[in-house]
Amino acid sequence: MFIKILNNTLAIHTNSVTAMVTQFKNAQVRMLSIYVIAFMLLLTVFNLLLGEILHQKVHITGSQLAKQVYSLKLKPIADKEIIAALAQSHGFMLESAHESFHFSAFMTQDSDIFNYKTVSLKLYHLPFWVVESPLFILLNLVMIGAAIWSYRWWRLLFKQRDGVDSIALLTGSKVSSSQQAPKDVVKLALNDIAINSTKVLTAKRKLSSADDVAITAMYGIQNNHNHLFALLYWTRPFPDNVDLESHFKLIVIKGFKELSRVSVKLLSSGGLAITLENIPQPDIDAYTKRLHQIIYQASLLYRGDLSRKEIKIGVCNYRDGADQTVVYQLTKSALALAKQSPWQHTHRVPFNHTRSTVLANSDENLADYISKKKFMLFFQPLFEFASGDILQHEALIRVRHKSLGMLSAKQFIPQLKNDSAIVLLDKTVLDQVVKLLESETSALTVSINLHAFNWFSNDYWRWFGQRMKNVKGADKLQFEISEVDFYQHQQRLNFAFSTIKSVGSSVSIDNVSSHDKIALLAPYKGIKGLKLSYDLIHDIDKNVTQQKVVRQIVASAERVNLPVYGVGVETQQELNMLKKQGVIGAQGFYFTEPLQEFTNVMVN
């Protein structure tokens, strides 16, 4: 159904584009045809006049030669050789010599009789365009260059009126011919239409591509979407009679047709507020730059004297649930930074840019969000490359903050005030995961990344041993510990590992960044896998050193029969490179965002 809609959209869009392009093209062809005909007539007249002048020059030269023969008192018969030499020095011949020319049909020699008093000479000479070919070619090139230059400026002189008509046709708005159009408004408008058409075609190709369909079916690929809120500022005001909100709303909506929602509002200060929703995470910067380009093009219609640096845009990217007041304040800060910079026309601040600051300065106790069950559990699936199957899920907690929206564990854990809050967090997560394991029939493992404090807390593991008694799904539970903590504190971890083993659960080593100590894992039968650090994964396709380290880790892990997985995979290139290095599976936003599909339970 979606492909059919795309087909219909593409057909309508293509027809409108074709009609508009044809209209522009016909007008340009007519103008060019008239200009070419006028230029050819002018060039013909010029060459006729030039030919006459050069022909007169030949006759003057011949007459001077006759005068010279008279002055030297040379006899036409007796001094024939001398006269022939003089004639040759002036570009003439006493006799025709067709056989000496390869293109005699085009270079037929002219003959003229030149008289001076008692001397009469019949001389042969090549056509004037051959004799004076350097001058003839030079002057014609000058004429052609002058024609090209004048045509270019002629187009510029008339482009304002044509540009206004073009924008009116493209946008459906009425624009008076007295208003100033941008220098390249027709070209820019056509470029925008071509870009939009290309995007529809690209979307259609992606959906119909067998490879992409296979990947989608195999991994369940989804995009990590953000929203953009932007504030705009111009250094020069627009005319009072311009309806800025309607004008820019029309242009921006047309420029971002692929987005689900686009909003444009005129602020009382005279600036614009623009919202773009559901933008893929990797494309945020590209959309920010594209927004500046579209606003710049639309501004030129009424202020053709504006330069790019005179349009400043502040942007904040955020997700659902974010406090709009905070978003607005961050966007104003971004705009202020853009206005202060002479070269940076756009400035973007992510919503979580100041979350840590807000949380650190807050007097509220974040542990209350845990105790009052104001959180949600999400699950990040880990896929096996060979089969495409989901091997396990990593449990991720998201706290629902009253003003900052959804907070990840990395954002709020550093702000927990005491150790009891950390213990409460890990106990609460484990309780919820155990409930899910008991209710789900899936054989998939669920991994939990415990805080380092609880790994070394015997009290926590005694509670864990009691909590896991009579739990049937204990063998589906896996705990993640960082490589650094494990190697530095192996002795202190003995009680934790023995407790985990006693209930049938397992362990995986997280944030693996080297191969040096992997052999030390052999005695630990409860360790079931290694997860590479994000720093090794990010841009691994571009870094030979990272590739070498991953190969070494995979080789060392194979010796102790441990699988190696990747985390934080964001691109197809990273995925392909991990496969080449021997990694057997991975997780990350390339495959999917954290899901709730593992369970429909939501803790409120």
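No experiment lies behind these values; they were computed from the predicted model shown.
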*Tell me, please, which residues at least two apart from Arg261 pass salt bridge (charged side-chain N to carboxylate O under 4.0 Å, His left out).*
Glu277
*With no hydrogens and no angle check, is any side-chain donor or acceptor of Asn494 less than 3.5 Å from a backbone partner on Gln491?*
yes
*Quick check: does any side chain N or O of Arg290 sit under 3.5 Å from a backbone N or O of Gly255, one acting as donor and the other as acceptor?*
yes
*asked:* Quick one: does any side-chain atom of His292 pair with a main-chain N or O of Ile311 as donor and acceptor, under 3.5 Å?
replied: yes
*How far does CG of Leu232 sit from CG of Leu266, to the nearest 0.5 angstrom?*
11.0 Å
_Would the distance check show the side chain of Asp389 and the main-chain N or O of Leu391 forming a donor-acceptor pair, the cut-off being under 3.5 Å?_
no
_Looking only at side-chain N and O atoms, does Ser533 offer a donor or acceptor that is under 3.5 Å from a partner on Asp535?_
no
*Got Leu536 and Ile553 here, is their nearest side-chain heavy-atom distance under 4.5 Å?*
yes
*Search all heavy atoms of Asp485 against all heavy atoms of Leu493 and return the closest pair with its distance.*
O-CD1, 4.0 Å
*Close side-chain approach of Tyr287 and Val315, heavy atoms under 4.5 Å*: no
*To the nearest 0.5 Å, what is the distance between CG (Leu425) and NZ (Lys427)?*
12.0 Å
_Closest non-hydrogen atom pair between Gln432 and Leu377, with its separation_ = CB-CD1, 3.3 Å
*Between CG of Leu228 and CD1 of Ile313, what distance do you get to the nearest 0.5 Å?*
10.5 Å
_Is there a side-chain contact between Val503 and Leu477 in this structure, where contact means two heavy atoms from C-beta onward sitting under 4.5 Å apart?_
no
*Please confirm whether the backbone N or O of Gln546 pairs with a side-chain atom of Asn543, one donor and one acceptor, at under 3.5 Å?*
yes
*asked:* Go through it in stages, so that I can follow the logic: the residues are Val583 and Val550, the test is side chain to side chain contact (heavy atoms under 4.5 Å, CB included), and I'd like the CA-CA distance, side-chain angles, deciding distance and then a yes or no.
replied: CA-CA 8 Å; Val583 177; Val550 171; 3.8 Å; yes
*Do you know the tightest heavy-atom contact between Gly388 and Phe383?*
O-CD2, 3.7 Å
*Does Gln547 have any side chain to side chain donor-acceptor pair (under 3.5 Å) partners at least two apart in sequence or in another chain, and if so, which?*
none
*asked:* Can you give me the closest heavy-atom contact between Leu578 and Ala586, atom names plus distance?
replied: CD1-CB, 4.5 Å
*Report the distance from atom CG of Leu521 to atom OH of Tyr487, rounding to the nearest 0.5 Å.*
4.0 Å
*Which atom of Thr331 lies closest to which atom of Gly314, heavy atoms considered*: CG2-O, 3.2 Å
*With sequence neighbours excluded, give me every side-chain hydrogen bond (donor to acceptor under 3.5 Å, both in side chains) pair touching residues 512-521.*
Glu483-Ser513, His515-Gln552
_Residue list, side-chain contact (heavy atoms from CB on, under 4.5 Å) with Ile584, at least two apart or on another chain_ = Pro563, Tyr565
*Which residues pass the salt bridge (charged side-chain N to carboxylate O under 4.0 Å, His left out) test with Arg348, sequence neighbours left out?*
Asp285
*What are the two closest heavy atoms between Ala557 and Val564, and how far apart are they?*
CB-CG2, 3.5 Å
*Sequence neighbours excluded, which residues qualify as side-chain contact (heavy atoms from CB on, under 4.5 Å) partners of Gln344?*
Ser341, His347
*Go through the steps for Phe453 and Asp426 under the test side chain to side chain contact (heavy atoms under 4.5 Å, CB included), then give the verdict.*
CA-CA 10 Å; Phe453 174 82; Asp426 281 350; over 6 Å; no
*Below 4.5 Å, heavy atoms only, C-beta onward: do Glu394 and Ser447 meet side chain to side chain?*
yes
*From Ile540 CD1 over to Asn576 CG, what is the distance, rounded to the nearest 0.5 angstrom?*
11.5 Å
*Asp510: partners by side-chain contact (heavy atoms from CB on, under 4.5 Å), with sequence neighbours left out*: Asn449, Glu480, Lys531
*ring-ring contact (aromatic ring centres under 6.0 Å, His included): which pairs involve residues 525-560, sequence neighbours left out?*
Tyr534-His538
*Walk me through it: do Leu520 and Gln490 pass the test side chain to side chain contact (heavy atoms under 4.5 Å, CB included)?*
CA-CA 10 Å; Leu520 300 176; Gln490 293 183 53; 4.1 Å; yes
*Determine whether Ile294 and Phe256 make a side-chain contact, defined as any pair of heavy atoms from C-beta on separated by less than 4.5 Å.*
yes
_Going by the rule ring-ring contact (aromatic ring centres under 6.0 Å, His included), which residues pair with Tyr524 if we only count those two or more places apart in sequence or in a different chain?_
Phe486, Phe497
*asked:* Under the criterion side chain to side chain contact (heavy atoms under 4.5 Å, CB included), I'd like the reasoning laid out for Leu259 against Asn278: C-alpha separation, chi angles, the key distance, then a yes or no.
replied: CA-CA 7 Å; Leu259 298 182; Asn278 294 322; 5.6 Å; no
*Please list all pairs passing the side-chain hydrogen bond (donor to acceptor under 3.5 Å, both in side chains) test where one or both residues lie in residues 497-507, with sequence neighbours left out.*
Gln478-Ser506
*asked:* With salt bridge (charged side-chain N to carboxylate O under 4.0 Å, His left out) as the rule and sequence neighbours excluded, what pairs involving residues 453-468 come up?
replied: Asp431-Arg467, Asp459-Arg462
*Does a side-chain heavy-atom distance below 4.5 Å link Leu330 with Tyr318?*
no
*Which residues satisfy the side-chain contact (heavy atoms from CB on, under 4.5 Å) test with Lys339, sequence neighbours excluded?*
Tyr233, Lys312, Leu335
*Side-chain contact, heavy-atom cut-off 4.5 Å: Phe375 with Thr428?*
yes
*Which value, rounded to the nearest 0.5 Å, describes the distance between Leu272 atom CG and Leu231 atom CG?*
9.5 Å
*asked:* Using only atom types and a distance under 3.5 Å, with no angle test, would you say the side chain of Asn454 pairs donor to acceptor with the backbone of Ser457?
replied: no
*asked:* Taking Leu276's backbone N and O only, do any of them form a donor-acceptor pair with His227's side chain (distance below 3.5 Å, no angle check)?
replied: no
*In terms of the angle between their ring planes, are Trp461 and Phe479 parallel, tilted or perpendicular, with boundaries placed at 30° and 60°?*
perpendicular
*Qualifying residue, where the test is side-chain hydrogen bond (donor to acceptor under 3.5 Å, both in side chains) with Tyr590 and the options are Glu570, Gln573, Gln572, Glu574*: Gln572
